[in-house]
There are 2 protein chains.
Amino acid sequence: MGRVTIQQVAKAANVSPSTVSNLLNGRTERMVPATRERIEAAIAELGYRPNRAARQLRTGRTQTVGLIVPSVGNPFWGAFARELEVAALAVGCSVLLCNSERDPERERRYVEELWEDGVRGIVLCSSLPTLDHLADVVARGLRLVTFDRPAQPGDPDSVVSVSIDNHVGGFLAGSHLTSLGHERLTFVSGSLASVNRTGRFRGFCTALEAVDLDPTAMPLWTGFEDTPFGDVEAAEVGRRAAHALFSGTEEPPTGVVAINDMTALGFCRGLRDQGLRVGSDVSVVGFDDIILADLYDPPLTTIRQPIARMAALALGEVLDDGDREPGRSVLLRPELVVRESSAPPPVGGVPERRTAEVRASDLRASDVSTTDGAVR
Amino acid sequence: MGRVTIQQVAKAANVSPSTVSNLLNGRTERMVPATRERIEAAIAELGYRPNRAARQLRTGRTQTVGLIVPSVGNPFWGAFARELEVAALAVGCSVLLCNSERDPERERRYVEELWEDGVRGIVLCSSLPTLDHLADVVARGLRLVTFDRPAQPGDPDSVVSVSIDNHVGGFLAGSHLTSLGHERLTFVSGSLASVNRTGRFRGFCTALEAVDLDPTAMPLWTGFEDTPFGDVEAAEVGRRAAHALFSGTEEPPTGVVAINDMTALGFCRGLRDQGLRVGSDVSVVGFDDIILADLYDPPLTTIRQPIARMAALALGEVLDDGDREPGRSVLLRPELVVRESSAPPPVGGVPERRTAEVRASDLRASDVSTTDGAVR
DNA sequence: CTGAAAGCGCTAACAG
DNA sequence: CTGTTAGCGCTTTCAG
């Protein structure tokens, strides 16, 4: 059973290959219904399937969209990838998935490669502050949609971005905590999640200011400036933050907002390392609402991203050939999901550590440091 | 900057296109070094990149391998996908990822499509008991490697499988619990994880028998036979199992082995719903060692799959054009990772439920049922 | 309304 | 050792 070609279909239907091609490409108005039916019958009978490679060689394009995520090992990206595939499937596209590991060079190589493979466009999940490394391909016509990375001032004009409104998200998280009565709060993030961090952190600050708290007076945690944590290691960032914040500080926070759920979960783990209880001793709010947030003990309060809708939107932006506004940003409203990791602050502040068995081996001491002050 | 073709390179290097092609395809012995250098210089200068589509159209093959997983939304599959990509990258291949959602028809369509796209081969993560729906493509020459699905009697000859030794894994999990002193044990799995379940469950039984416990006397839980749980819903299976096992049963188990970590985590959640404590009240052992196992509270004891090595092996099997033994099974040894979700059984058995606030709304009553008896 | 013809960029005989 | 040649399967003007 060798490949059946358009020629064979044409022969079987008593037409020329070009007529078959016309049918295949929706130019049905160019033929009389009878012809059409004959061709369709032939296609069905022979089990004809167009050859992608040939088609692409001819037209230069495909029905594939590229998706670049930091790492599918992170459940949030896994879930998003899945949603994008669902959306793509619905319109007959397929998705080519790549992990950048947050490495700009790797990101660039993938983009270049996908472009040369003729993808329709790319959904890029990146939090790199600049898109300079991609300016070239974008200039050559690549349709690029960034996800979870709000548009930045220097971005190429044609790039559109789909993300949640991080400012709102940060505000929801922060004011949830202040409304519970917390007055000493910390924002925890790795240094690499830079683009989102800005918005989320600002929203967090806005929430504090709304109740006359001074954000600059809080012990902040902005990660290890020189540690290139990948995405899966986000949890480790959180864990170390917890160790640092609750071991040296005389007045530790009673509430914490983490840049994402993985970091939040790691933070919870770090609290436990020190005998502190999540929820009752320290409140923790995450970001994303990954599947595990609800499974955790205690279930994690978090800011939900509507990924299914976002995936559909992002795909639409990639595929839409129409005359869209370029440089557009689509911002969706995130949602606060209250679970059990947040509660009113304990009376009398955070208790002493309940255990002394923090193993030094758990931490590489040189990596630990707190950074105070403004994050912009 | 239009595409630069092999012709242009040939012209620039003063040779014919075929000589360039020869160089590109490693047939360097057919040319004098000087020629070779000239061509390489031209390629570098022009920034020539071969056109995949043309190459594929000509040769019929690509440098892509297909990967079909139940769902990248599940962290285990996400992590595996990532490892496979790492392995592929190292040998200049790319990975095309698809989610089957455990739907045989969807699985078949993807396989068919990947095959028509000319992938080198496919790594299929499936736990369907039969491969009949793929017999066709395999017969037409598809190189198929199954992962996490040990070879089954009726499988096509050419299929090779890479997986852990599930029997050993089940045994490790079971005997860990019996060596802690547990005597009432349960094995929890959804009905769909069928192929692995058999091996893991048998190993579990072997472990019980090794200490003269009678597996058939234990309250088993084999899921909702008629509920087509997807993969992300594995957690829900676990949760419901916990509700069912600890609400009606007069003599609930003190230790539980779950078919995978997601199910185990869900089970833990279910225990908590009932005021039971994981580790101290009921011991739980999972399977896979996903990133979240270590983050959980308490950290989950589990059977680790060496996914990086398995990914490399699976890729090797897909790519290897040599004269391999067909129908081969590669079984890797899993490893017990002891953490805090397992401990000696509580004296006096599992305590009464500590809270009465199990909300009926958490469960759809009609879905809840226990199934006793043999699982084969 | 339908067909003939000319490639897209590359590879692999087969000649020189 | 290198060049000529004939397509892979499809699309798309351009004529009938």
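Chain A is the first sequence line, chain B the second, and so forth, proteins listed ahead of strands; every chain is numbered from 1.
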Roughly, in whole Å, what's the span from [atom1] in [X] to [atom2] in [N]?
X	N	atom1	atom2	value
B:L23	C:dT11	CG	P	11 Å
A:Q8	D:dG9	CD	P	8 Å
A:Q63	D:dT11	CD	P	12 Å
A:E116	C:dC10	CD	P	11 Å
A:Y48	D:dT11	OH	C1'	11 Å
B:I6	D:dT4	CD1	P	14 Å
B:M31	D:dG3	CE	P	10 Å
B:R49	C:dC10	CZ	C1'	16 Å

Considering every strand and a 4.0 Å limit on heavy-atom distances, what is the contact class for [X]: base, sugar-phosphate, or nothing?
X	answer
A:R36	nothing
A:Q56	nothing
A:R52	nothing

**OP:** Classify the side-chain pair A:Q152/A:T130 by whether it contains a donor and acceptor separated by less than 3.5 Å.
**Re:** no
Original post:
In terms of side-chain heavy atoms, does B:S127 have a donor or acceptor partner in B:R102 at a distance below 3.5 Å?
Top reply: yes
Subject >> A:R82 bridged to B:E101 by N-O distance under 4.0 Å >> reply: yes
Original post:
Is a donor-acceptor pair below 3.5 Å formed from side chain A:S21 to base D:dT12, judging by atom type as modelled?
Top reply: no
**OP:** Report yes if a donor N or O on one partner sits less than 3.5 Å from an acceptor N or O on the other, where the partners are the side chain of A:S18 and the base of C:dA4; otherwise report no.
**Re:** yes
Side-chain N or O of [X] closer than 4.0 Å to phosphate OP1/OP2 of [N]:
X	N	value
B:R27	C:dA12	yes
A:R55	D:dT11	yes
B:T59	C:dT11	no
A:N22	D:dT12	no
A:T5	D:dG9	no

**OP:** Identify the two heavy atoms, one from B:F76 and one from B:I307, that lie closest to each other, and give their separation to 0.1 Å.
**Re:** CE1-CG2, 3.6 Å
**OP:** Would you name the heavy atoms of B:A81 and A:V72 that are closest together and state the gap between them?
**Re:** CB-CG2, 4.1 Å
Subject >> Of the listed nucleotides C:dC10, D:dG3, D:dG9, the one nearest the side chain of A:N51 >> reply: D:dG9
**OP:** Return the nearest nucleotide to the side chain of A:R58; candidates are C:dG7, C:dG3, D:dT12.
**Re:** C:dG7
**OP:** Would you mind telling me which residue lines up with the more 5' stretch of DNA chain D, A:P50 or B:T35, judged by nearest nucleotide?
**Re:** B:T35
Original post:
Ignoring hydrogens and geometry, is there a side-chain-to-backbone donor-acceptor pair from A:R143 to A:D320 under 3.5 Å?
Top reply: yes
